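Note that this is a predicted model, so its numbers are computed, not measured. Chain identifiers are assigned alphabetically (A, B, ...) following the order of the sequence lines, protein sequences preceding nucleic acid strands; residue numbering begins at 1 within each chain.
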Amino acid sequence: MPELPEVETVRMGLQPVIEGHRFTHVLTRRGDLRVPFPKNFVKRLTGREVTRLWRRAKYLLADLNAGETLIIHLGMSGRMSVFTEGRERNLGRYVYEAAPSEAGHGKHDHVVFETDAPARIVFTDPRRFGLMTILKTGALNDTALFKGLGIEPLSEEFDSAYLAKVLSGKKTPIKAALSDQRVIAGLGNIYVCEALFRARTSPKRLAKQVSLKSAAALVTTIKAVLRDAIKAGGSSLRDHKRVDGALGEFQHHCAVYDREGRPCPNNCRGVVKRIVQSGRSTFYCPKCQK
DNA sequence: CCATTAACCTGACAGC
DNA sequence: TGCTGTCAGGTTAATG
């Protein structure tokens, strides 16, 4: 479900009630998500202060004042809800609801955190493709989760020279290359489709056949589409919501994603087509994406 | 080594 | 109402 903009939206919503605050209570309702919770998960969090809440690729990372970092991945259907205890509060740009007593008791509410903000944070994940673990802060880049991750697409280092270089040897379609977390970390199905559309590049074109000019255009469109999506609070096609329950708005700005059969917004008189690549839907305009 | 596919799991929706 | 089949913002083990 969540790609970089959705995870970033969740991060910004959690920040005021997590960063600089302590976990007063932590509760897990089952032994695992996609993988088991690590040993002493609750114990290693309880009483700890989060010094920094940040993001790498589609992972949320909460650095603890104990040399460890809580890692959260939302998988396809994972969601975070924030309730402030007692009354409605306005912290930052979000208005958080007071926690009804049943908050955190839903069928798919698997983890409940309470912080001294005070706030109750509920992790809900029907499909359980999400993941939570705890790793040593100083050694994150040596772990299996982070070792192979590619560049952050919103970083300065992500430029046309980088993209051209990583695409040059690949005979896989550009759609698959851009979706590969080892190449660029954080893009997923929606934003790859949208960036390719904006760059007028066919998703079927082989990565090594992407011209230098197209690679430069892709860098620009990838950054732009991610920034636009973050500004819109992400895309709410089914599961994604902000931590206060509000929906993201970017799906209304999508040119091609989930728009099979509709006219191409470039007014080229083409029609948006859906194909399957690497087992996932790709949406594009066959007329203006070459 | 590289690239594609199947599997993980539940819910929503379309069609009969 | 209820069945069946399909699909979903991701990752990864197995397979070719």
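- Within a 6.0 Å radius of NZ in Lys204(A), no more than 12 heavy atoms belonging to other residues, nucleotides or ligands are found.
- When all heavy atoms of Val210(A) and Ala215(A) are compared, the pair lying nearest together is CG1-N, 3.8 Å.
- To the nearest whole angstrom, the two P atoms, one in dA7(B) and one in dG5(C), are 16 Å apart.
- The number of heavy-atom neighbours closer than 6.0 Å to CD of Glu68(A), taken from other residues, nucleotides and ligands shown, is above 12.
- In terms of hydrophobic clustering, with Ile, Leu, Val, Met, Phe, Trp and Tyr side chains grouped at heavy-atom distances under 4.5 Å, Phe83(A) and Val243(A) are assigned to different clusters.
- Summary of the strand contacts: Arg280(A) and Lys170(A) both lie near DNA chain B, and taking for each the nucleotide with the nearest heavy atom, the more 5' one is attributed to Lys170(A).
- Between Asp239(A) atom CG and dA8(C) atom P there is a gap of 13 Å when expressed in whole angstrom units.
- Centroid-to-centroid, the aromatic rings of Phe250(A) and Tyr257(A) stay 6.0 Å apart or farther.
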Item to complete: Map every base of DNA chain B to its dot-bracket character, where paired means a Watson-Crick or G-U wobble contact with both distances under 3.5 Å and | marks a partner outside the strand.
Response: .|||||||.|||||||
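- The interatomic distance linking Gln251(A) (CD) with dA8(C) (P) rounds to 16 Å, in whole Å.
- When each of Thr172(A) and Arg238(A) is assigned the nucleotide of DNA chain B with its nearest heavy atom, Thr172(A) is the one assigned upstream, toward the 5' end.
- Protein atom CZ of Arg127(A) is 13 Å distant from nucleotide atom P of dC7(C), rounded to whole Å.
- The CE-C1' distance, from Met132(A) to dT11(C), rounds to 17 Å in whole Å.
- With 3.5 Å as the limit, one finds a donor-acceptor pair spanning the side chains of His21(A) and Asp116(A).
- At the heavy-atom level, Ser236(A) lies under 4.0 Å from base atoms of the strands shown.
- To the nearest 0.5 Å, the span separating NZ on Lys241(A) from CZ on Arg238(A) amounts to 14.0 Å.
- Distance Tyr257(A) OH to dC7(C) C1': 10 Å, rounded to the nearest Å.
- The nearest whole Å value for the distance from the CG atom in Asp258(A) to the P atom in dT6(C) is 18 Å.
- Heavy atoms from other residues, nucleotides or ligands lying under 6.0 Å from CZ of Arg262(A) number 12 at most.
- The footprint of chain A on DNA chain B, defined by a heavy-atom cutoff below 4.0 Å, extends from dA3(B) to dG11(B).
- A donor-acceptor contact under 3.5 angstrom links the side chains of Glu6(A) and Tyr191(A), judged on distance only.
- Atom-to-atom distance recorded for Arg34(A):CZ and Thr133(A):OG1 is 10.5 Å, nearest 0.5 angstrom.
- Regarding Tyr191(A), its OH atom lies at a distance of 16 Å from the P atom of dA8(C), rounded to whole Å.
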Within the sub-3.5 Å range, which N or O atoms of nucleotides 12-16 of chain C have a protein N or O partner, and how far apart are they?
none

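- Straight-line distance from the CZ atom of Arg274(A) to the P atom of dT6(C): 12 Å, rounded to whole Å.
- Under the 4.0 Å criterion applied to side-chain N and carboxylate O atoms, Arg182(A) and Asp180(A) are assigned as salt-bridge partners.
- Considering every non-hydrogen atom in both Leu187(A) and Lys58(A), the closest pair reads O-NZ, 3.0 Å.
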